[in-house]
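Read the structure below first, then the notes.
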Amino acid sequence: MESNAKERIWQIVHQIPKGNVASYGQIANLAGLPGYARYVGHVLKNLPAGSKLPWHRVVNSKGAISFAVGTSEYLRQKARLEQEGIVFIDGRFSMARYRWNQDEA
DNA sequence: CATTTGACTTGTG
DNA sequence: CCACAAGCCAAAT
């Protein structure tokens with residue numbers, strides 16, 4: 001049984017520890033798909049309903065949520081991250097501090 | 001099949 | 001730090 005890029009991305013995202021986050025480019029790189037940052041976004045957008053994938057732990061390289069501020073998706077992601085101990089400051093957080101270090105996984 | 005779009009990244013000014 | 005451009009790839013139109 002071979003793994004599709006989509007499934008690999010799901011696995012990577014699912015492995016992000018609580019209280020940590022990862023960027024799209026990082027996810028793509030870990031999945032063995034360098035340069036597929038946007039593809040990761042497409043996959044997360046097309047997530048099957050009921051998936052337990054912690055997509056909220058995936059953010060952009062700026063250390064901010066990729067959704068527009070005020071949208072329900074933005075608010076939901078922010079709330080979940082805060083619930084995991086991530087502190088938001090002015091709509092973003094310390095990426096260097098919360099960024100997932102795959103060596104720990 | 002060509003063009004546009006998008007939950008992106010990195011570099012330059 | 002902000003604005004703009006180029007690079008990147010897949011899916012939608």
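A, B, ... follow the sequence lines: proteins, then strands. Residue 1 opens every chain.
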Which ones in residues 54-71 of chain A lie close to DNA chain B, meaning a heavy atom under 4.0 Å from one of its atoms? A:Trp55, A:Asn60, A:Ser61, A:Ser66, A:Phe67
For A:Gly35 and for A:Asn46, find the nucleotide of DNA chain C with the closest heavy atom, then tell me which residue's nucleotide is more 5'. A:Gly35
C:dC9 P sits how many Å from A:Asn29 CG, rounded? 14 Å
Shortest non-hydrogen separation from A:Tyr74 to A:Ala68 and the atoms involved: CB-O, 3.3 Å
With rounding to the nearest 0.5 angstrom, report the CG to CG distance, A:Leu44 to A:Leu53. 6.5 Å
Is there a donor-acceptor contact under 3.5 Å from the side chain of A:Asn4 to the main chain of A:Lys6? no
Measure the distance from CG on A:Asn4 to C1' on C:dA10 and round it to the nearest whole Å. 14 Å
Look at the side chain of A:Gln77 and the backbone N and O of A:Glu73, then say whether any donor-acceptor pair between them is shorter than 3.5 Å. no
Verify the contact: side-chain N or O of A:Tyr36 to OP1 or OP2 of C:dA10, cut-off strictly under 4.0 Å; return yes or no. yes
Within a strict 4.5 Å, meaning less than it, do heavy atoms of the A:His56 and A:Leu81 side chains meet? yes
May I have the distance from A:His42 (atom NE2) to C:dT13 (atom C1'), rounded to whole angstrom? 13 Å
Whole-Å gap separating C1' (C:dC1) and CD1 (A:Ile89): 16 Å
So does A:Pro17 get a backbone contact from the side chain of A:Glu84, meaning a donor-acceptor N/O pair under 3.5 Å? no
Which of these nucleotides, C:dG7, B:dT9, C:dA11, is closest to any side-chain atom of A:Tyr39? C:dA11
Separation of A:Lys78 atom NZ from B:dA7 atom C1', in whole Å? 18 Å
How close or far is atom P of C:dA11 from atom CD1 of A:Ile9, stated in whole angstroms? 10 Å
Of the listed nucleotides C:dA11, B:dT9, C:dC8, the one nearest the side chain of A:Arg38: C:dC8
Nearest-Å distance for atom pair CD1/P, residues A:Ile27 and C:dC9: 19 Å
Would you say the side-chain atoms of A:Asn46 pair up with the backbone N or O of A:His42, donor to acceptor, closer than 3.5 Å? yes
Could you tell me the separation between the CG atom of A:Leu33 and the P atom of B:dC8, rounded to a whole number of Å? 17 Å
